[in-house]
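Since the structure is predicted, the reported quantities are computational estimates derived from the model, not experimental observations.
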Amino acid sequence: MEYGFLSILPAIVAITLAIATREVIGSLFIAIWLGATFLNNYNPGTGLLQAVENFVLGSVTDPWNCAILIFTLLMGGMIGLITRSGGANAIANALAKRAKTARAGQLYSWLIGMLIFFDDYGSCLITGNTARPLTDKLRISREKLSYIVDSTAAPVATIGIISTWIGYELGVIHDSFQAIGVETNVYLTFLQSIPFRFYSIFALGLVVIIAVMMRDFGPMYHAEIRARTTGKVLRDGAVPLADTTTSELMVKEGTPLRIINFILPIIVLVGATFYGLYWHGVNVGGADPSSLLDALGNADSSIVLLWTSLIGSLVALVMVLVQRILKFTEAMDTFVSGMKSVFFACVILVLAWSLSSVSGELGAADYLVGLVIEGGVPYQIIPLVIFLIACLMSFATGTSWGTMGIITPLAIPVAYALNPAILIPTLGSVLTGAIFGDHCSPISDSTILSSTGSGADHIDHVRTQMPYAILAAVVAAVFGFIPAGFGIPVWITIPVGLVVLILFVRFVGKSTADDIAVIEADKAKAKA
């Protein structure tokens, strides 16, 4: 049966409701119910029952999907153990002690955030709480600290080769490619999309550029001058958010902070993942053992990630028990609390899979492809258009995961039908455009946690960060996705984009260097 416009109506409803209500789970389920109603002779009662039985249950029981869900839960538990063991705090403290100037303070704060790449929530809280005493001492505004923390949370986690985001992104990618009948190694496709995450790359680069050049613009400039000249890291009347971290994931008082508790589980996890992918690709997938790329391409990434997340979790568990940091019951409580932290993500993932399945049965992909082809839309601008849509939706809803889950299954079929050459750039445009909202939307959980971990006024954080996020997005659109659509390689577009950012900061930004701060402070004292 041809459903025409009705085939894309569930996705439209999901987007509209998510933006209007800022509630993703309910919006996704209503959309699934609507699609199931169409498929069951427009009977809402039958549609409700079939939505749960055929689509939600079907998504959960699919072996590939189930492996990804278990992997995500195990990753959450492992990160909970690493966090509570004090390993992440240890490496952050070691870096923070080396900073002696405002420039070094910003760069080391950025580096701490880069090292806590495995989870955006953990990065917000660990980086903010660890760097805050240092940045306060160096007269770096809380607004700047929260910007650095936010810029190294979701933008890093989404391109980290191992993180709590991996399971979700692989799930969305797998389902989208399966819908168009394209067999692909999901993990390899994920890796191929990383160079096209232009917004994430430029957002990270902009932090370094601003720190090295010691130049700022917009409201951030005034916040930095205030902090340098008066020592007030918060504006008068600011209301910093309180720390809302749960006790189950906080480092126990008196716990020795050892870097090995961070490094060893991560090294084991990353090393086991790549070895596992190679082993599985050769011994199960029948790949040529002399070709690493061929081996990775033939491996079942869902099974390998399931194995390695279990191994990493066991290593983290044994370490906290052997060192007597936690008792067994405390360790298991911490592990479960870590799993709870990603449960919301698992729910969204299941519903996103279900919506994709509903849309597939309704023929949404074929309908959209027909519209685009008949409309004569140039395939070269598809990555740009999808990026802008993802940016707007993620900002309005405050959720990158919901944005990825709704838009990816619609964007991939269109890109593949128009020109397979833009498939990976289009995938990158969704996955990085979704980060824009997670990075700077005032209702985004990671934005709120950045204000929390940094002890910043939330509105001040959003207000000062917004110009920087918009700049990175504009550069990503103009110097990233437009050229990518025309086939210009990333080894040209990324350096060009970074040069544009440098020139903008140089000629638009104003200096907040330490020597100016000293002069202004001396003037203030003289006037007093």
Side-chain angles (χ1 to χ4, degrees), residues 103 106-107 109-110 113-114 140-141 143-156 158-159 195-225 383-396 398 400 428-429 431-442 444 446-447 450-451 456 459-484 490 492-512:
R103 176 182 287 107
Q106 293 181 48
L107 289 173
S109 298
W110 176 85
M114 293 292 290
I140 298 171
S141 67
E143 292 93 329
K144 174 60 73 65
L145 173 60
S146 57
Y147 159 65
I148 296 172
V149 169
D150 214 351
S151 298
T152 53
V156 174
T158 186
I159 59 177
F196 295 95
R197 313 285 187 93
F198 294 117
Y199 175 75
S200 300
I201 294 170
F202 292 147
L204 291 168
L206 183 59
V207 177
V208 177
I209 292 168
I210 287 172
V212 171
M213 299 179 72
M214 289 299 292
R215 304 180 78 85
D216 285 285
F217 56 91
M220 187 71 79
Y221 169 76
H222 300 290
E224 283 292 273
I225 290 298
L384 171 66
V385 172
I386 296 299
F387 171 68
L388 296 177
I389 292 173
C391 283
L392 291 173
M393 181 181 173
S394 62
F395 182 80
S400 54
S429 72
L431 300 180
T432 197
I435 297 302
F436 176 80
D438 219 15
H439 183 198
C440 63
S441 173
S444 163
S446 60
T447 304
S450 296
S451 301
I459 299 304
D460 288 346
H461 166 47
V462 173
R463 182 175 57 87
T464 55
Q465 177 174 260
M466 188 65 68
Y468 292 0
I470 292 174
L471 172 61
V474 170
V475 173
V478 176
F479 298 95
F481 289 111
I482 292 178
V490 293
I492 294 178
T493 56
I494 291 177
V496 169
L498 292 173
V499 169
V500 171
L501 290 175
I502 292 172
L503 293 175
F504 185 95
V505 173
R506 173 63 184 84
F507 292 106
V508 177
K510 300 177 183 178
S511 178
T512 57

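A pairwise comparison of heavy atoms in S394 and G433 identifies OG-O, 3.2 Å as the closest pair. Of all heavy-atom pairs spanning S141 and A223, the tightest one is CB-O, 3.6 Å.
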List the atom pairs, with distances to 0.1 Å, where a side-chain N or O of residues 199-212 and a protein N or O form a donor-acceptor pair under 3.5 Å, not counting sequence neighbours.
{"residue": "Y199", "atom": "OH", "partner": "H439", "partner atom": "ND1", "Å": "2.6"}
{"residue": "S200", "atom": "OG", "partner": "T432", "partner atom": "OG1", "Å": "3.1"}

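Rounding to the nearest 0.5 Å gives a distance of 9.0 Å between OG1 of T512 and CZ of R103. With values rounded to the nearest 0.5 angstrom, I386 atom CD1 is found 11.5 Å from C391 atom SG. Taking CD of Q465 as the start and SG of C440 as the end, the distance is 6.5 Å to the nearest 0.5 Å.
Although no hydrogens or angles enter the test, the distance criterion places no donor-acceptor pair under 3.5 Å between the side chain of T158 and the main chain of A154. A donor-acceptor pair under 3.5 Å is absent between the side-chain atoms of S400 and the main chain of I435, judged by distance alone. The closest donor-acceptor contact from the side chain of T447 to the backbone of S441 lies under 3.5 Å.
With a 4.5 Å cut-off on side-chain heavy atoms, S429 and R197 do not count as touching. A heavy-atom distance below 4.5 Å is not found between the side chains of M214 and K510. Between F436 and M393 there is no side-chain heavy-atom pair separated by less than 4.5 Å. Under the 4.5 Å side-chain criterion, counting only non-hydrogen atoms from C-beta, S450 is in contact with H461.
Here salt bridge (Lys or Arg N to Asp or Glu O under 4.0 Å) pairs that include residues 204-222, with residues two or more places apart or in two chains, are K144-D216.
Of the residues listed (V505, V500, V499), the one engaging L503 in a side chain to side chain contact (heavy atoms under 4.5 Å, CB included) is V499, and it is the only one.
In this structure, F198 has its ring center at least 6.0 angstrom away from the ring center of F479. Here Y468 and F217 bring their ring centres to under 6.0 angstrom of each other.
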Inset, instruction - Mind running side chain to side chain contact (heavy atoms under 4.5 Å, CB included) on S109 and V149 for me, showing each step along the way? - result: CA-CA 8 Å; S109 298; V149 169; over 6 Å; no
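With sequence neighbours left out, the side chain to side chain contact (heavy atoms under 4.5 Å, CB included) criterion links T464 to E143, P219, M220.
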